[in-house]
Amino acid sequence: MWPLTNWNTHTTIPLLAVLFTGLCCLTQAITITAPEYSLIKSVQEDVLISVGIACSETPTIEWTFMSSSSRRDVAVWQPGVHSNISEYYEDRLKTHNNGSITLLDLRLADSGVYILTVSEPTGHSKGSTIILKVTEVLYEDLQYLAVFVTVLGGIAGFLMLSMWLLDKVYRRVKTWRQMRKQPEHDETELQPL
Ligand SMILES: *[C@@H]1O[C@H](CO)[C@@H](O)[C@H](O)[C@H]1NC(C)=O
Ligand SMILES: *[C@@H]1O[C@H](CO)[C@@H](O)[C@H](O)[C@H]1NC(C)=O
């Protein structure tokens, strides 16, 4: 009996080791999470393109921008090691250790797809995409609306005043004619004016 049990433990331990290594390899895979995969912002606002990266080694994080009319590099960095922000975004981009980026002073041309690639020195890599839509500033529209309403109000006011004046003139003419027709009538009759 003993030799058999011994043989069993000798083979079980390496087998378990192989299984564990396999599990470790699986858990080593990079995971990327994002609270929002599409964002809408106004011109001149700031945006945090937020992601969370989990991986076992220091990753290389790379963001690329793509829209129907252009494609450009945004930034490449290794948290705590080095960072390279492309010239186009130099003064208005911040990188965060968790892989997120903050883009300041948004322009309409920032509308598009932001592609994230995370790679580990071992060669593993994973990607994700986030869509950003930048819209015109709302208050400009409101200003136009306010001007439009003011102009309309002005026209309406002018029309009302004209009608009131015309009515007055008409009444005066009418009473004046009545006075001419019946000069003997009393003045009190003219009061409805
Ligand atoms: C990533 O880091 C930034 C800045 O510290 C933080 O505001 C953001 O919430 C983080 N995102 C996630 C998904 O953890
Ligand atoms: C930074 O990236 C640009 C291209 O986006 C490249 O030409 C340049 O050599 C890089 N600089 C460093 C220090 O890696």
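As the structure lists them, so they are numbered: ligands from 1, and atoms in each ligand from 1.
Heavy-atom contacts of G52 reach the following atoms of ligand 1: 13 (C) (cutoff under 4.0 Å). Atom numbering of ligand 1 starts at 1 in the shown order; those under 4.0 Å from a heavy atom of V51 are 11 (N), 12 (C), 13 (C). Which parts of ligand 1 touch S100 is read off a 4.0 Å heavy-atom cut-off, strictly below it: atoms 1 (C), 11 (N).
Under 4.0 Å is where a charged nitrogen must lie from a carboxylate oxygen, and between R92 and D110 at least one such pair does.
No side-chain donor-acceptor contact under 3.5 Å links S119 and H124.
Atom CD1 of I40 sits in a sparse spot, with 12 or fewer heavy atoms from other residues, nucleotides or ligands closer than 6.0 Å.
Linking ILVMFWY side-chain heavy atoms closer than 4.5 Å, directly or via other members, places V74 and Y37 in a single hydrophobic cluster.
At the top of the distance list for atom 7 (O) of ligand 1, counting protein heavy atoms only, stands L48 CD2, 3.5 Å. Of all protein heavy atoms, the one closest to atom 4 (C) of ligand 1 is H96 ND1, 3.6 Å.
At least one N/O-N/O distance between S50 and ligand 1 falls below 3.5 Å. Looking at N98 next to ligand 1, an N or O pair under 3.5 Å apart turns up.
Distance alone, capped at 3.5 Å, is enough to place a donor-acceptor pair between the W63 side chain and the G99 backbone. Not one N or O on the side chain of T95 forms a donor-acceptor pair closer than 3.5 Å with the backbone of I101.
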